[in-house]
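Labels below follow one simple rule: chain letters A, B, ... track the order of the sequence lines, proteins then strands, and each chain is numbered from 1. None of these values were measured; they are calculated from a predicted model.
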Protein chains: 2
Amino acid sequence: MVPPALATVNVNGVRAACTKGLLGWLAATDARAVCLQEVRARPEELPAAFTDALRAGGWHLRLAPSETAKGRNGVAVLSRDEPEAVRVGFGHVETDLDGRWIEVDLPGGLTLASLYLPKGQAGTDRQDAKDAFCAALGDHLRTAFDRAAASGREMVVGGDWNIAPTEADLRNWRGNRRNSGFLPHEREWFAKLLEHGWRDLVRERHPGVDGPYSWWSYRGRAFDNDTGWRIDHLLATPGVADAAREAVVDRAPAHDRRFSDHAPVIVRLAAA
Amino acid sequence: MVPPALATVNVNGVRAACTKGLLGWLAATDARAVCLQEVRARPEELPAAFTDALRAGGWHLRLAPSETAKGRNGVAVLSRDEPEAVRVGFGHVETDLDGRWIEVDLPGGLTLASLYLPKGQAGTDRQDAKDAFCAALGDHLRTAFDRAAASGREMVVGGDWNIAPTEADLRNWRGNRRNSGFLPHEREWFAKLLEHGWRDLVRERHPGVDGPYSWWSYRGRAFDNDTGWRIDHLLATPGVADAAREAVVDRAPAHDRRFSDHAPVIVRLAAA
DNA sequence: CATGCCAAG
DNA sequence: CTTGTCATG
């Protein structure tokens, strides 16, 4: 029996990713649910090859495209079980229509969210927008954590957080201390989530090492040199985290070639 | 001994064309000079593979990029002999910097011009601009013709004229009578050039037949069905026209695949 | 249905 | 360096 697995991947445009191997990866994955970010397409713009593959793989798609800028953002959850409920946005009116948050309730008491956190640029209003998003998201995540604990549900948030939490989470941390994604206050914000009880599934399975990274710039030979960042995270409530047996970055979707500048992040859990 | 040949081709972006077979075509052509249109690059933006190929082929490049809109228009002449003089624009201040006309004097008394005539859209100000361009160009061409005759020089104008001169010059002429490129007044304008003495080299070698077309939309299966237009023309003074032995469209640059939505148009002349 | 531009990543 | 957009062809 295959242990249940969950995955998250920023596809950087599902239309392009489909031409480069996403479909092969999907066909081969053992994940029971996958969080997608940067889908960058409305439902009617999804490639036929993609919707066909979903049907063939028995996937349910719940998609929250950006309603505010076409061809941008867009998050989704693929699940082999049909979701019992779907919610788009987390109650932050400034961004709820931007295609940055979708959550589904899956049978068995698991809530799974797909997150695409704004990228930010230090010293600009785009950093202010990222910080405002984080403030609201932090409040929401702490509330959601407490509510899950009180109700006996579990929750996983998979996504592109655009934050490397520690010096172990990017190749050149010294050179990036003033760059968005590794700013001190961003790291503190992330640390507070862990203090509250959220568990970083990949870091827990890879203690005391650099990486594994999940994003590499397309520029230069960043991927070949593994000059990357660990910014795609699976954060989970304790019941899930305690069941995690393996949490890995699928750096080489060997089925095909690299289909995005991000690689899939996968957690495998002990059978319930 | 190879008879002298001249060619014209709209490359629809020299950077893209270089990745799709233009270089193979250039390496194989017997032309002694080639008119290029829609180069869509400034000198410093030309691919290294292109400039290398020019050096290897012994070509001289004279380029008139658009100074008014980057990535647009741009005409050039490639010649195996070094030009004795170069002129950009034909004295129409509204468009002389748009990368639509360059002419070179070649050794032996031939002036060769590369023309990219505006596309136009019926009923819009872009048609007005095309008509104004044509009015000025017509004056210039008649003057140039008379001057060539008086001085004993020959002249060839190769380019994308964006006008199909007669019903034989596009597949679906009935459906295009109200579309720019086949408007009655455009055809009359072209006919007046021939009345003045300019000679249409391809039509003279292909009398009484439909085509050969030189442009096919990228949409649908236009190329495979030969649903095209003959809008790329070589117009010449009588000395050249009388020496023409063959004038063809190189529909299948077999050396590689199709590198543009236009095909090269080539004339081969009797040895002088 | 291509081109190169652009803003964004 | 790549995405999808856009105006243009």
Side-chain angles (χ1 to χ4, degrees), chain A residues 10-20 22 37-42 45-47 65-66 68-74 98-100 116-121 124-126 129-130 160 162 179-181 215-224 227 229 231-232 257-262, chain B residues 10-20 22 37-42 45-47 65-66 68-74 98-100 116-121 124-127 129-130 160-162 179-181 215-224 227 229 231-232 257-262:
Chain A
N10 178 320
V11 295
N12 191 21
V14 72
R15 283 171 281 189
C18 282
T19 69
K20 295 190 296 185
L22 171 62
Q37 299 87 39
E38 285 205 88
V39 173
R40 301 176 70 166
R42 294 173 302 206
E45 295 169 330
L46 296 173
S66 170
T68 54
K70 63 178 300 198
R72 313 296 301 284
N73 310 336
D98 288 358
R100 295 190 174 277
Y116 178 47
L117 202 144
K119 183 154 165 65
Q121 177 156 247
T124 72
D125 51 359
R126 295 185 39 230
K130 180 178 184 179
D160 176 356
N162 268 316
N179 289 135
S180 184
W215 173 82
W216 304 263
S217 169
Y218 275 126
R219 292 163 230 199
R221 276 173 262 303
F223 185 78
D224 295 337
T227 305
W229 295 51
I231 58 178
D232 299 277
R257 59 203 159 115
R258 196 180 170 205
F259 57 77
S260 168
D261 48 349
H262 297 250
Chain B
N10 179 321
V11 295
N12 191 21
V14 72
R15 283 170 281 190
C18 281
T19 70
K20 295 190 296 183
L22 171 61
Q37 299 87 38
E38 284 205 88
V39 173
R40 301 175 70 165
R42 293 174 302 205
E45 294 169 331
L46 295 173
S66 171
T68 53
K70 62 178 301 197
R72 314 296 303 285
N73 310 335
D98 287 357
R100 295 190 173 277
Y116 178 47
L117 203 145
K119 183 152 166 64
Q121 176 155 249
T124 72
D125 51 359
R126 295 185 41 228
Q127 186 64 37
K130 180 178 184 178
D160 176 357
W161 296 67
N162 269 315
N179 288 134
S180 185
W215 174 83
W216 305 263
S217 169
Y218 276 125
R219 292 163 230 199
R221 276 174 262 302
F223 184 78
D224 295 338
T227 304
W229 295 50
I231 56 179
D232 299 277
R257 59 203 159 112
R258 198 179 168 206
F259 57 77
S260 168
D261 48 349
H262 298 251

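At whole-Å resolution of the value, NZ in A:K70 and C1' in D:dG4 are 9 Å apart. The CG-C1' distance, from A:N10 to D:dG4, rounds to 14 Å in whole Å. Straight-line distance from the CZ atom of B:F259 to the C1' atom of C:dG4: 18 Å, rounded to whole Å. A:D261 has its CG atom 12 Å from the P atom of D:dG4, to the nearest Å. The separation between A:K130 atom NZ and C:dA8 atom P is 16 Å, rounded to whole Å. Atom CH2 in A:W215 sits about 13 Å away from atom P in D:dC1, given to the nearest Å. Rounded to a whole Å, the NE2 atom of A:H262 is 17 Å from the P atom of C:dA8. One can place CZ of A:R40 at 15 Å from P of C:dA7, the figure rounded to the nearest angstrom.
The shortest side-chain heavy-atom distance between A:L117 and A:I231 does not fall under the 4.5 Å cut-off. Counting heavy atoms from C-beta on, the side chains of B:D261 and B:W215 come closer than 4.5 Å.
Under 4.0 angstrom from either OP1 or OP2 of C:dA2 there lies no side-chain N or O belonging to B:R15. Regarding contacts with the backbone of C:dT3, a side-chain N or O of B:K20 is found under 4.0 angstrom from either OP1 or OP2.
Between A:Y218 and A:R72, it is A:Y218 whose nearest contact on DNA chain D lies nearer the 5' terminus. Between A:G71 and B:Y116, it is A:G71 whose nearest contact on DNA chain D lies nearer the 5' terminus.
Applying the side-chain contact (heavy atoms from CB on, under 4.5 Å) test to B:T19 and every residue at least two apart in sequence or in another chain returns nothing.
Remark: of the listed residues B:H262, B:K20, B:R40, B:R40 is the sole one forming a side chain to side chain donor-acceptor pair (under 3.5 Å) with B:N12.
Ranking C:dC5, D:dT5, D:dT3 by closeness to the A:E45 side chain, first place goes to D:dT5.
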